[in-house]
Protein chains: 2
Amino acid sequence: MADLDALRTLVAVGQTGSLSAAARELGVTQQAVSARLRTLESSLSSVLVQRSARGSLLTPTGVIVAGWAREVLAAADRFDQSALTLTGGRDKTLRLAASLTIAEHLVPRWLNIWRARVDEIPGVRLTAENSETVCRRLRDGDADLGFIETPDLPGDLDHVVVGQDELVLVVAPTHPWATRAEIAAPELARTPLVLRESGSGTRRALDAALQSAGTPRLADPAAELPSTLAVRGTVRGGFHAAVLSALAVDTDLAEGALVAVPVRGVMLRRALTAVWPRTGLTGAARSLLEAISGS
Amino acid sequence: MADLDALRTLVAVGQTGSLSAAARELGVTQQAVSARLRTLESSLSSVLVQRSARGSLLTPTGVIVAGWAREVLAAADRFDQSALTLTGGRDKTLRLAASLTIAEHLVPRWLNIWRARVDEIPGVRLTAENSETVCRRLRDGDADLGFIETPDLPGDLDHVVVGQDELVLVVAPTHPWATRAEIAAPELARTPLVLRESGSGTRRALDAALQSAGTPRLADPAAELPSTLAVRGTVRGGFHAAVLSALAVDTDLAEGALVAVPVRGVMLRRALTAVWPRTGLTGAARSLLEAISGS
DNA sequence: GGGGTTTACGTCCAACGTAATCATG
DNA sequence: CATGATTACGTTGGACGTAAACCCC
């Protein structure tokens, strides 16, 4: 609805107190700022800026809209920061290889913490792939540090546990299970769920957990979808339940779009492990690991 | 850097598993989707989608980028939701009037909770103004429910406390105080701070708290700025400290862009109060209040 | 007169839709 | 041959910069 440039403009006006100053900061003409603002104001049908002959102030409405805008811009900045790690700098960059869930949710967070603790962090290049590939890259010297979520650790690499990932049973708020206090493991196992294709890390972890809890094997899935994204979408539709990483659904849970249902009789949890070659940690990798574990 | 439509497109492709399906969902031609995707891919210089003659799948990189994109889109959706409350529907809408900090940070959150708990919430119109104006609107029948953060409650309105707002002393991570265990109230009072103009609610609250703690009056400010936005920016510059609402800086604190320093010897805290006319609460207002307090 | 702002106008690029082409199961 | 993707091309609208005018201390 509202484009990012318009929001950035509003915030700049709020910070500087003048359209022209905001224009200088943004590197556009003052007229462009004026135009952007009027477009934004009309699209919200609210007056956001009190213009005057010597400076402009945000109206009360402008203040709160600018506050809301800051949230969006912060999210966009985080995206840009994360995206930068895909291409990475040239030399002296820290090369990370992480399995999907970790690369998506945890690595950006860790890099943020690292940035806050260390004055100047080196460039980072992040690649996302499955656990076996992560380990192969480390052996081949194509990566300095890896993160995996499988229980089976390779013997020829050093490792340390850096966190836990919990799997949670989620349903839409309208689903019958949404109001259940808990679901017993066997009932979960025999109910058709929305699942990733077999072989996916999350599905293997669920399988393994149920098996070690002694419940019957998983029922045939209600649907088998190629991505967590698609699974989430289907669950929000309201007809089926799924088991997903807590990391993947935490915002949905916080917003109330999905509901977590406790499962009794099985430990749905797996360790997240950092791995690196026996030849040792590079300085940057060691520094990052320290930042992660110190948090 | 990346525009929202491109991100939306990527997510749609991930959910549907095909460019054409995504195009239908987005209401554009399939060619447009193809073009958007290629622009995005080249701007990130990464392959995000594995195209094939019968469907397309996200690459591992595509999966994590789509995940990051979802965060941005969720933030944008929250913005749109909040922005809707500025114009509001027509009749049967709940008219809220809130002071700035509450309107900016809390009302959107409360409405989300309300939405999650009640099947269908009515339209909402939100106006932001200072506490006196909020009360006047309630008396005049121009609003159904108000939220204020002043300690002085008008006697002719009903009220209930709905939360607490904490004021926190914040500095940049590079500021000398960033590593201090605590600051004593008198030291805070005699240090020039970055403040809002006198008369602002936050400044009055700080003044009152220090006074009731028996410390000397506040020193002359290091700078007097017209908006919290500007104050935040100056503090991030690193030279000065400020006292701001915890609500206004929580994301900065979480990201490590600012550091909170405990203050000893003074209670920097104020109640957030819902107020409404003696004539009673409307049904919608009562329902909202219940959702807030039940959370 | 020196910020600060708006109005007017011409330019240009980026995004889209139509149409034709290619690939695959 | 139906489905899905790309390439090619012409149109257009929105966003920007230049220029001129206005307003207030």
Side-chain angles (χ1 to χ4, degrees), chain A residues 1-59 62 66 69 73 76 197 225-227 229-230, chain B residues 1-59 61-62 66 69 73 76 225-227 229-230:
Chain A
M1 195 151 192
D3 78 308
L4 293 179
D5 281 336
L7 301 186
R8 232 180 286 277
T9 304
L10 177 67
V11 171
V13 171
Q15 281 178 337
T16 60
S18 132
L19 301 210
S20 350
R24 282 190 291 277
E25 186 168 312
L26 297 171
V28 297
T29 50
Q30 175 268 329
Q31 291 87 325
V33 168
S34 173
R36 282 188 193 172
L37 268 185
R38 274 190 306 118
T39 317
L40 181 62
E41 286 183 320
S42 90
S43 98
L44 301 180
S45 35
S46 308
V47 179
L48 305 176
V49 176
Q50 188 64 259
R51 285 145 249 238
S52 99
R54 53 175 256 283
S56 296
L57 281 180
L58 299 187
T59 62
L73 296 175
E197 73 286 354
L225 300 172
S227 73
L229 216 52
Chain B
M1 197 149 188
D3 79 309
L4 293 179
D5 281 336
L7 301 187
R8 232 180 286 277
T9 305
L10 177 66
V11 171
V13 171
Q15 281 178 336
T16 60
S18 131
L19 301 210
S20 350
R24 282 189 291 276
E25 186 168 311
L26 297 170
V28 297
T29 48
Q30 176 268 330
Q31 291 86 323
V33 168
S34 173
R36 281 187 193 174
L37 267 187
R38 275 190 306 119
T39 318
L40 181 62
E41 286 184 321
S42 88
S43 97
L44 301 181
S45 35
S46 308
V47 180
L48 304 176
V49 176
Q50 187 64 258
R51 286 144 247 236
S52 97
R54 51 176 258 282
S56 297
L57 280 182
L58 299 188
T59 62
T61 303
L73 296 175
L225 300 172
S227 72
L229 217 51

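Order of the sequence lines fixes the chain letters, A, B, ..., with proteins taken first and strands second; residue numbering starts at 1 for each chain. Bear in mind that the values here come from a model prediction, so they are computed numbers and not experimental data.
Partners of A/Q50 under the side-chain contact (heavy atoms from CB on, under 4.5 Å) rule, at least two apart in sequence or in another chain, are A/T59. In this view, B/T9 and B/R36 satisfy the side chain to side chain donor-acceptor pair (under 3.5 Å) rule, not counting sequence neighbours. Residues satisfying the salt bridge (Lys or Arg N to Asp or Glu O under 4.0 Å) criterion with B/R51, sequence neighbours excluded, are B/E41. For A/S46, the side-chain contact (heavy atoms from CB on, under 4.5 Å) test picks out A/L44, A/L48, A/T61, B/L86, with sequence neighbours left out. B/Q30 pairs by the side-chain contact (heavy atoms from CB on, under 4.5 Å) definition with B/L19, B/S20, B/A23, B/S34, not counting sequence neighbours. Residues that satisfy the side-chain contact (heavy atoms from CB on, under 4.5 Å) test with B/S52, not counting sequence neighbours, are absent from this structure.
Rounded to a whole Å, the CD atom of B/Q50 is 14 Å from the C1' atom of D/dG4. Rounded to an integer number of Å, the gap from CG of A/D3 to P of C/dA15 is 12 Å. Rounded to whole angstrom, the span from the CZ atom of B/R54 across to the P atom of C/dA23 amounts to 18 Å. When the P atom of C/dA14 is taken as reference, atom CG of B/L40 falls 16 Å away, rounded to whole Å. One can place CG of B/D5 at 14 Å from C1' of D/dG14, the figure rounded to the nearest angstrom.
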Show me the protein contacts with nucleotides 6-9 of chain D, counting only N or O atoms at under 3.5 Å.
residue	atom	partner	partner atom	Å
D/dT6	OP1	B/R51	NH1	3.1
D/dT6	OP2	B/S34	OG	2.6

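B/S52 comes within 4.0 angstrom of the backbone, heavy atoms only, and of no base. Nucleic acid contact for B/S56: sugar-phosphate only, since backbone atoms but no base atoms lie under 4.0 Å from a heavy atom of the residue.
Residue pairs that meet the salt bridge (charged side-chain N to carboxylate O under 4.0 Å, His left out) test with at least one member in residues 16-25 of chain B, sequence neighbours left out, do not exist here.
Within residues 20-29 of chain B, the residues that place at least one heavy atom under 4.0 Å from DNA chain D are, in residue-number order, B/S20.
When each of A/V49, A/L10, A/V13 is paired with A/V33, the side chain to side chain contact (heavy atoms under 4.5 Å, CB included) condition holds for A/V13 and for no other.
When the nucleotides D/dC16, D/dC24, C/dA23 are ranked by their closest atom to the side chain of A/A53, D/dC24 comes out on top.
Contact of the B/D3 side chain with the A/D5 side chain is not registered, since no non-hydrogen atoms from C-beta on lie closer than 4.5 Å.
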